[in-house]
> 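A single structure is presented below for examination.
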Amino acid sequence: MIKRLLASLREYKTPTILTLILITSEAVIETFIPFITAELVNRVQAQAEIMEVIKTGFLLIVMAVLSLLCGGGAAFTSSYASTGFAKNLRHDMFGKVQSFDFENIDKFSSSSLVTRMTTDVTNVQMSFMMITRIALRSPLMLIFSIIMAYIMGGVLASAFVVAIPVLAIGLFRIAQKAMPAFRRVFKKYDRMNESIEENVRAMRVVKGFSREEYEKQKFSAAAEDICIDFTKAERLVALNMPLMQLCMNFNSVFILYVGSKLVINRMGNIGIGQISAMISYGMQILMSLMMLSMIYVMLIMSAESAKRIAEVLEETPSLAQPENPIKSVADGSVEFKNVSFKYSKKAKLFALSGIDLKIPSGMTVGIIGGTGSSKSSLVQLIPRLYDVTEGSVLVGGEDVRNYDVETLRNSVSMVLQKNLLFSGTIKENLKWGNETATDGEIKEACAIACADEFIDKFPDKYETKIEQGGTNVSGGQKQRLCIARALLKKPKILILDDSTSAVDTKTDAVIRKAFAQYLPETTKIIIAQRISSVQDADMIVVMDNGKISDKGTHEELLASSEIYREIYHQQTNGGEEDE
């Protein structure tokens, strides 16, 4: 996991190494300053000459300035490296998500991915900065200070034999108790973000049902739950300071009491300078231990974040690219050969089973069936959004698994049930279908999709701004724009997954007629709930419980299919079609 994360460091390795060098230099200088100070105190006590005192004082100033420069430089380089590391992590995660297939996306919720690219990366960034600065500085200061304390203090250093274990054990126990609470928080962050995302997307539904208060209470409960866990963890971590103060005070009292006795009784080589140095080293040792405990807590928090980031970076796209992929699609013919499919290997039931269907190129096929009959699952196998579990799907006479994925998907245009527009102009949205499309091609596609009639009414026409999610256009307008966008790809296969449900029957008929006239060689697969949307198709497929119940023309199915006949009579009030 660590190796995978550090692969994102890349161009920020140099400032990271420079930080470590500067921090080591600072630690060495800091541990020598109390030693020089003690020497200065002892010389003053021994009534040394003023020039000798000035030289020692000047040396202390130089060392303090060098320490400041090293510390300041390390702060700059570590900040630069950590923010760059976080930038690369987000870039790598976003790029990885773009390579995911539907099966991978199903594994991670969108709210969880957002949390991983924001909160989790921030936690790892902070930990990285602390590791490069404090995690190296604190152990070095601890080791150097203990060595210098024993060199200078002799018996006085025995104070650390008591203080260090007490503080170390106490800090470890505090961090150990706080760890489970920090781990729980991240999963609750996912749920809270999911609630926010869901609420924002469904704002109109919330207001339509006057559920604002309910949503407020639900969010407050999620936020309160996170607050409780964080409060519990922070209360435990807050014990660090009083524990450290206790050890520091014990250390200072012991050194002052025993040191004073030794100085008064002239025992050993202990002087006032040594006592002051021992107090300084004691502070450095205990501060180093406290910093290490803080790092430990931060690492506990970030370890869970790092694990969640690594899960995304190490996720393997479920659809593998073939070794020698086919780079062109011959035509728009589609064939399902004994296809069975389930969304997860762990799933017990198949979404589709025993599907055999042959669609010649250029044919118009309607697919109809009840909710949950797996109509969408069937067509999602054609552009290889999912791979079949059993059997094979052929496009242009070749198994879809033999194609270059980009080539295959460029030959298939699919307008999904959930139509989505991006923030930007109408033209920018339409060019998602073809970046190089001319204004003439854009207008032609919009004419086929019956979108030109409302676009021309906008003051800015094709430069009209679309708000995020297309909230400033109606459902029917959004559907027609999405159809036009799909048409700009000039696909060999066009799939409309219930994509005219928000369009009136007259406009629906005009769109279908335009398809027949302008796209004669394109295979058109139309999933619909309305009989009127598919009754003129060359072939109609009736789905039921993940299987093909019947197939044929409108007239053939009226005569032979009980399911089709029942749907027809329900929608036409006994056989008389609505105008």
> Tell me, yes or no, whether the heavy-atom count around E406 atom CD, taken from other residues, nucleotides or ligands under 6.0 Å, exceeds 12.
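No, not enclosed.
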> Measure across V339 and V393 and return the closest heavy-atom pair with its distance rounded to 0.1 Å.
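Smallest interatomic distance, heavy atoms only, reads CG2-CG2, 3.9 Å.
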> Looking at every non-hydrogen atom in both residues, tell me the closest pair between A528 and I368 and how far apart they are.
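Of all heavy-atom pairs spanning A528 and I368, the closest is O-CG1, 3.5 Å.
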> Less than 4.5 Å apart, side chain to side chain, heavy atoms only: is that true for Y403 and P322?
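Not touching, per the 4.5 Å side-chain cut-off.
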> Mind jotting down which residue pairs meet the salt bridge (Lys or Arg N to Asp or Glu O under 4.0 Å) criterion with at least one end in residues 550-568? Sequence neighbours excluded, please.
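Counting only pairs at least two positions apart or across chains, no salt bridge (Lys or Arg N to Asp or Glu O under 4.0 Å) contact touches residues 550-568.
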> How long is the straight-line distance from CE of M363 back to NZ of K524, given to the nearest 0.5 Å?
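Here the rounded value is 10.5 Å.
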> Give the minimum heavy-atom separation between S361 and E521, together with the two atoms involved.
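Taking S361 first and E521 second, the nearest heavy atoms are OG-O, 3.7 Å.
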> Which pair of heavy atoms, one from I382 and one from V400, lies closest together, and at what distance?
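For I382 versus V400, the nearest heavy atoms are O-CG1, 3.5 Å.
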> Within the 4.5 Å heavy-atom criterion, are D452 and Y462 side-chain neighbours or not?
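Side chain of D452 against side chain of Y462, heavy atoms only: contact under 4.5 Å found.
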> We want to know whether T122 and R90 form a side-chain donor-acceptor pair, criterion being a heavy-atom distance below 3.5 angstrom.
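Side chains of T122 and R90: pair found under 3.5 Å.
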> What's the separation between atom NZ in K490 and atom OG in S413, rounded to the nearest 0.5 Å?
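The distance works out to 12.0 Å.
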> Look at atom CG of N545 and say whether more than 12 heavy atoms of other residues, nucleotides or ligands are closer to it than 6.0 Å.
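Incorrect, the count does not exceed 12.
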> Starting from the C-alpha separation in whole Å, work towards a yes-or-no answer on side chain to side chain donor-acceptor pair (under 3.5 Å) for D544 and S549.
CA-CA 6 Å; D544 185 39; S549 173; 5.2 Å; no
> With distance as the sole test, does T553 use its side chain to make a donor-acceptor pair with the main-chain N or O of M539 at under 3.5 Å?
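Pair absent, no side-chain N/O of T553 close to backbone of M539.
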> Could you tell me the separation between the CD1 atom of I455 and the NZ atom of K461, rounded to the nearest 0.5 Å?
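Between atom CD1 of I455 and atom NZ of K461 there are 10.5 Å.
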> List the residues meeting salt bridge (charged side-chain N to carboxylate O under 4.0 Å, His left out) with E11, not counting sequence neighbours, and say none if there are none.
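By the salt bridge (charged side-chain N to carboxylate O under 4.0 Å, His left out) rule, E11 matches K87.
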> Check whether K492 reaches the backbone of S333 with its side chain - one donor and one acceptor, N or O, closer than 3.5 Å.
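No.
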> Using only atom types and a distance under 3.5 Å, with no angle test, would you say the side chain of R480 pairs donor to acceptor with the backbone of A449?
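Side chain of R480 to backbone of A449: no pair is present.
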> Is the ring pair Y564/H554 parallel, tilted or perpendicular, if the boundaries are 30 and 60 degrees?
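Perpendicular: the ring planes of Y564 and H554 meet at over 60°.
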> In Å, rounded to the nearest 0.5 Å, how long is the span from OG1 of T118 to CE of M93?
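Nearest 0.5 Å value for the OG1-CE distance: 8.5 Å.
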> I'd like to check the ring pair (Phe, Tyr, Trp, His ring centres under 6.0 Å) partners of Y214; sequence neighbours left out, ordered by chain and number.
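Here no residue qualifies.
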> I540 versus I531: any side-chain heavy-atom pair under 4.5 Å?
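Sidechains of I531 and I540: no contact.
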> Checking the side chain of K465 only, and the main-chain atoms of D460 only, is there a donor and an acceptor separated by less than 3.5 Å?
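Here the side-chain-to-backbone pair does not exist.
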> Is there a donor-acceptor pair closer than 3.5 Å between any side-chain N or O of E441 and the backbone N or O of T438?
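At least one qualifying donor-acceptor pair exists.
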> Could you go through L488 and W432, starting from their C-alpha distance and side-chain angles, then the distance that decides it, and tell me whether this counts as side chain to side chain contact (heavy atoms under 4.5 Å, CB included)?
CA-CA 9 Å; L488 280 171; W432 272 67; over 6 Å; no
> Could you give the distance from CG (L496) to CD1 (I511), rounded to the nearest 0.5 Å?
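Here the interatomic distance stands at 8.5 Å.
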> Whether the side chain of Q321 engages the backbone of V405 through a donor-acceptor N/O pair (distance < 3.5 Å, no angle test) should be reported.
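Side chain of Q321 to backbone of V405, a donor-acceptor pair under 3.5 Å: yes, one is there.
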> Keeping R116 on the side-chain end and R308 on the backbone end, is there a donor-acceptor pair under 3.5 Å?
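Such a contact is found between R116 side chain and R308 backbone.
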> From L357 CG over to I367 CD1, what is the distance, rounded to the nearest 0.5 angstrom?
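With rounding to 0.5 Å, CG (L357) is 7.0 Å from CD1 (I367).
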> Is there a side-chain contact between L352 and F336, using heavy atoms and a 4.5 Å cut-off?
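SC-SC contact between L352 and F336 ruled out.
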> Between the side chain of S374 and the main-chain N/O of A351, is any donor-acceptor distance below 3.5 Å?
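Flag set: sc S374 to bb A351 pair under 3.5 Å.
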> For a 4.5 angstrom cut-off between non-hydrogen side-chain atoms, does L313 reach L89?
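Yes; the side chains approach each other to less than 4.5 Å.
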> Is S411 reaching over with its side chain to a backbone N or O of P491, donor-acceptor style, under 3.5 angstrom?
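It does not hold such a pair.
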> Can you find a heavy atom in the side chain of V473 that is under 4.5 Å from one in the side chain of L421?
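Yes; the side chains approach each other to less than 4.5 Å.
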> If you draw a 6.0 Å radius around NZ in K489, do more than 12 non-hydrogen atoms from other residues or ligands fall strictly inside?
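Yes.
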> Please list all pairs meeting ring-ring contact (aromatic ring centres under 6.0 Å, His included) that have one or both residues in residues 354-395, counting only residues at least two apart or in different chains.
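The answer is F102-Y386, F341-Y386, Y343-Y386.
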> Holding to ring pair (Phe, Tyr, Trp, His ring centres under 6.0 Å), I want the full list of residues that pass it with Y12, two or more places apart in sequence or in another chain.
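Result, ring pair (Phe, Tyr, Trp, His ring centres under 6.0 Å) vs Y12: Y80.
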> Walk me through whether T407 and I326 qualify under side chain to side chain contact (heavy atoms under 4.5 Å, CB included).
CA-CA 8 Å; T407 299; I326 300 171; over 6 Å; no
> Kindly check if the number of other-residue, nucleotide or ligand heavy atoms within 6.0 Å of NZ (K337) is above 12?
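No.
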> Give the C-alpha distance, both sets of side-chain angles, the deciding distance and a yes or no for side chain to side chain contact (heavy atoms under 4.5 Å, CB included) between I563 and Y568.
CA-CA 9 Å; I563 295 174; Y568 177 76; over 6 Å; no
> How close do R401 and S392 get, heavy atom to heavy atom, and via which atoms?
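Here R401 and S392 meet closest at NH2-CB, 3.5 Å.
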> Can you name the nearest heavy-atom pair linking Q479 to D498, along with the distance?
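Between these two residues, the closest heavy atoms are NE2-O, 3.9 Å.
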> Are the side chain of K547 and the backbone N or O of G354 linked by a donor-acceptor pair below 3.5 Å?
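No.
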> Are F350 and I355 side-chain neighbours, meaning at least one heavy-atom pair lies under 4.5 Å?
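Contact flag for F350/I355 side chains = no.
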> Who pairs with D387 by salt bridge (charged side-chain N to carboxylate O under 4.0 Å, His left out), at least two apart in sequence or on another chain?
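In terms of salt bridge (charged side-chain N to carboxylate O under 4.0 Å, His left out), with neighbours along the sequence ignored, D387 is linked to R384.
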> Quick one: does I483's side chain get under 4.5 Å of L494's, heavy atoms only?
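When only atoms from C-beta onward are counted, L494 and I483 do not touch, as no gap falls below 4.5 Å.
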> Side chain to side chain contact (heavy atoms under 4.5 Å, CB included) between I548 and D356: does it pass, once the steps are laid out?
CA-CA 8 Å; I548 295 178; D356 285 295; over 6 Å; no
> Could you walk me through whether K427 and D439 satisfy the salt bridge (charged side-chain N to carboxylate O under 4.0 Å, His left out) test, starting with their C-alpha distance in whole Å, then the side-chain angles of each, then the deciding distance to 0.1 Å, before giving a yes or no?
CA-CA 9 Å; K427 183 185 286 188; D439 290 347; 3.2 Å; yes
